[in-house]
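Only one structure is covered here, and it is reproduced in the block below.
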Amino acid sequence: MLRESGSFRGPKAVQFVFDGDLVDDDVFSVRIERGGDSIYLPIGNRFIDEPRVLEASHAVARK
C-alpha cells in the first residue's frame with residue numbers, strides 16, 4: 001500500500017512501531033503475542049533489501 005501511494009515519491013523514511021519482537025531467522029519476521037499465542041508476521045519480503053538488525057529492537061531496510 002505504501003509503495004502504491006503517490007505521496008511516497010522520491011527518498012522518504014517510514015518508521016513502523018509495534019509491540020512485538022524482531023525475529024531474524026530464515027524469514028525475517030515480527031513476533032506478536034495475541035491472547036497468549038505467538039503470531040509471526042513475515043515482513044522481510046516486503047522490502048527491496050532484507051531488513052538488517054541494528055539492535056535487538058531496531059532494524060532498517062529499503063522499501
Side-chain angles (χ1 to χ4, degrees):
M1 182 184 311
L2 291 175
R3 191 177 303 171
E4 296 170 2
S5 172
S7 64
F8 280 92
R9 297 190 197 283
K12 302 277 191 269
V14 177
Q15 179 176 354
F16 296 95
V17 178
F18 56 87
D19 185 15
D21 298 311
L22 298 175
V23 179
D24 188 12
D25 207 355
D26 291 337
V27 176
F28 191 88
S29 303
V30 173
R31 183 178 67 83
I32 301 172
E33 287 200 23
R34 294 289 183 253
D37 295 326
S38 292
I39 299 169
Y40 291 84
L41 304 172
I43 62 168
N45 59 354
R46 303 285 182 223
F47 301 95
I48 293 172
D49 295 329
E50 185 75 13
R52 185 181 44 167
V53 176
L54 300 179
E55 297 176 16
S57 62
H58 184 190
V60 296
R62 290 188 321 139
K63 67 174 183 126

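Positions are given from 1, in the same order as the sequence printed here.
One hydrophobic cluster holds both I32 and I43 under the rule that ILVMFWY side chains link at heavy-atom gaps under 4.5 Å. Both F28 and L41 are members of a single hydrophobic cluster when ILVMFWY side chains are connected at heavy-atom separations under 4.5 Å.
Closest of all the heavy-atom pairs between A61 and D49 is CB-O, 3.8 Å. Contact record, V27 with P42: CG1-CB, 3.7 Å, taken as the closest heavy-atom pair.
Scored by the side chain to side chain donor-acceptor pair (under 3.5 Å) test, R31 finds D21, E33, S38 as partners (sequence neighbours excluded).
Contact annotation: the side chain of V30 never approaches that of V23 to less than 4.5 Å [non-hydrogen atoms, C-beta and beyond].
For the atom pair R34 CZ and D19 CG, the distance stands at 7.0 Å (nearest 0.5 Å). With rounding to the nearest 0.5 angstrom, the OG atom of S29 is 12.5 Å from the CD1 atom of I39.
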